Undergrad: 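Supplied in structure tokens, the structure appears directly below.
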Amino acid sequence: MVSIKDVHKSFGPVEVLRGISMDVMKGEVVCIIGPSGSGKSTLIRCINALNDIQSGSITVEGQEVHDPKLDKLALRKKVGMVFQQYNLFPHKTALQNVMMAPIKVLKQNRADVEVRARALLKKVRLEGKEDSYPGELSGGQQQRVAIARSLAMNPDVMLFDEVTAALDPETVKEVLVTIKDLAADGMTCILVTHEMGFAREIADRVYFTDKGVIVEYGPPATFFEQAKDPRTRQFLSQIL
Ligand code: ADP
Ligand code: MG
């Protein structure tokens with residue numbers, strides 16, 4: 001589904017990704033963890049071409065993401081992304097937020113879009129909140145609207161960048177449950193997260209990044225119990 005090969009990315013003179021490689025199969029859930037500034041968000045943004053790269057390759061379903069000839073809209077349809085800041089339109093209801101991109105960007109039929117948007121809000125467990133405005137919803141509920149909005153484009157892979165980091169502790173869990181539901185449905189997911197219990201529970205593999213390289217990775221049981229690299233062990237000892 002996603003193949004990342006020896007990716008290098010610099011901002012000016014500073015090399016932020018220094019040879020990252022990673023393969024994610026259809027239906028897999030991969031978690032990326034690592035200290036602040038290690039390049040996790042940059043990597044996620046390179047996967048859907050929000051950032052360019054200096055060398056290496058990233059393909060999604062076999063298509064080179066950084067090919068200048070690639071149709072960016074087609075890529076954005078395939079790859080959904082949810083950030084820490086959900087950025088919903090405040091003057092639109094939950095339902096309207098979810099319906100907007102399929103109507104405006106994909107030019108789909110409004111009636112069809114509405115049926116799907118209602119189903120998606122149900123899927124993220126927000127049935128009954130269709131007509132609420134973002135300001136009337138908790139952070140966790142708003143983030144689930146953002147997830148539904150992203151799913152409305154019918155993506156094949158979802159990228160999540162610290163989507164629970166800004167939430168109150170009591171609403172973190174409901175967002176994690178939503179992501180777990182998605183994963184259980186077979187959605188391919190790449191997540192940056194500090195929720196170690198969650199990573200352990202749902203990830204097929206966990207990657208630890210530090211200073212722009214992947215230090216080590218493995219299935220969660222091995223990764224959390226038997227991390228080999230001292231940098232990984234130190235990070236885990238601080239966070240667990
Ligand atoms: P993480 O998500 O792991 O905390 P980031 O990918 O956000 O790390 O950042 C990695 C490094 O790249 C940091 O040193 C950050 O300051 C730098 N960086 C990120 N985005 C930009 C940008 N647009 N311009 C310049 N430097 C950036
Ligand atoms: Mg980040």
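Side-chain atoms are counted along with the backbone in the values below, which use heavy atoms only and exclude waters and symmetry mates. Everything numeric here is computed off the predicted structure, so don't read it as measured data. Atoms within each ligand, like the ligands themselves, are counted from 1 in listed order. Throughout, residue positions are numbered sequentially from 1 according to the sequence presented.
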Undergrad: Is there a protein heavy atom less than 4.0 Å away from atom 19 (C) of ligand 1?
TA: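 Yes, because at least one protein heavy atom sits under 4.0 Å from atom 19 (C) of ligand 1.
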Undergrad: Report the nearest protein non-hydrogen atom to atom 8 (O) of ligand 1: residue, atom name, distance rounded to 0.1 Å.
TA: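 The closest heavy atom on the protein side is G39 N, 3.2 Å.
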Undergrad: Check this for me - ligand 1, F11, N or O atoms closer than 3.5 angstrom, yes or no?
TA: no
Undergrad: Yes or no on salt bridge (Lys or Arg N to Asp or Glu O under 4.0 Å) for K228 and E216, after CA distance, side-chain angles and deciding distance?
TA: CA-CA 8 Å; K228 291 191 182 67; E216 76 182 287; 5.4 Å; no
Undergrad: Look at atom 12 (O) of ligand 1 and find which of V16, V14, I44 reaches it with the closest heavy atom.
TA: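 The residue whose heavy atom sits nearest atom 12 (O) of ligand 1 is V16.
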Undergrad: Which atoms of ligand 1 have any heavy atom of P35 under 4.0 Å away?
TA: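 Answer, ordered by atom number: 3 (O).
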Undergrad: Would you say the side chain of K180 lies within less than 4.5 Å of the side chain of E201, judging by non-hydrogen atoms?
TA: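 Yes, at least one pair of side-chain atoms sits under 4.5 Å.
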Undergrad: Return the residue, atom name and 0.1 Å-rounded distance of the protein heavy atom closest to atom 3 (O) of ligand 1.
TA: K40 NZ, 2.7 Å
Undergrad: Count I, L, V, M, F, W, Y as connected when their side-chain heavy atoms are under 4.5 Å apart, and connections chain through other members. Are V2 and V192 then in the same cluster?
TA: yes
Undergrad: Is the backbone of Q84 close enough, under 3.5 Å, to the side chain of E162 for a donor and an acceptor to pair up by distance?
TA: no
Undergrad: Between E130 and G128 (side chain of the first, backbone of the second, donor and acceptor by atom type, cut-off under 3.5 Å), is there such a pair?
TA: yes
Undergrad: Closer than 2.8 Å to the Mg ion (ligand 2), do we get an N, O or S atom from S41, backbone or side chain?
TA: yes
Undergrad: So which heavy atom in the protein is nearest atom 5 (P) of ligand 1, and how far is it from that ligand atom?
TA: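 Of every protein heavy atom, T42 OG1, 3.6 Å lies nearest to atom 5 (P) of ligand 1.
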Undergrad: Please examine the side chains of I214 and S21, heavy atoms only from C-beta on, and report whether any two atoms are closer than 4.5 Å.
TA: no
Undergrad: Among protein heavy atoms, which sits nearest to atom 7 (O) of ligand 1, and what does the distance come to when rounded to 0.1 Å?
TA: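 Scanning the protein heavy atoms, the shortest distance from atom 7 (O) of ligand 1 goes to S41 CB, 3.7 Å.
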Undergrad: Is there side-chain contact between L70 and E64, with at least one heavy-atom pair below 4.5 Å?
TA: no
Undergrad: How far apart are the C-alpha atoms of D156 and K77, what are their side-chain angles, what is the distance that settles it, and do they pass the salt bridge (Lys or Arg N to Asp or Glu O under 4.0 Å) test?
TA: CA-CA 8 Å; D156 295 331; K77 265 165 43 183; over 6 Å; no
Undergrad: Would atom 26 (N) of ligand 1 count as contacted, meaning some protein heavy atom under 4.0 Å?
TA: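 Protein heavy atoms within 4.0 Å of atom 26 (N) of ligand 1 - there is at least one.
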Undergrad: Run the contact test for G37 against ligand 1 with a 4.0 Å cut-off on heavy atoms, strictly below, and give the result.
TA: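 Heavy atoms of G37 do come under 4.0 Å of ligand 1.
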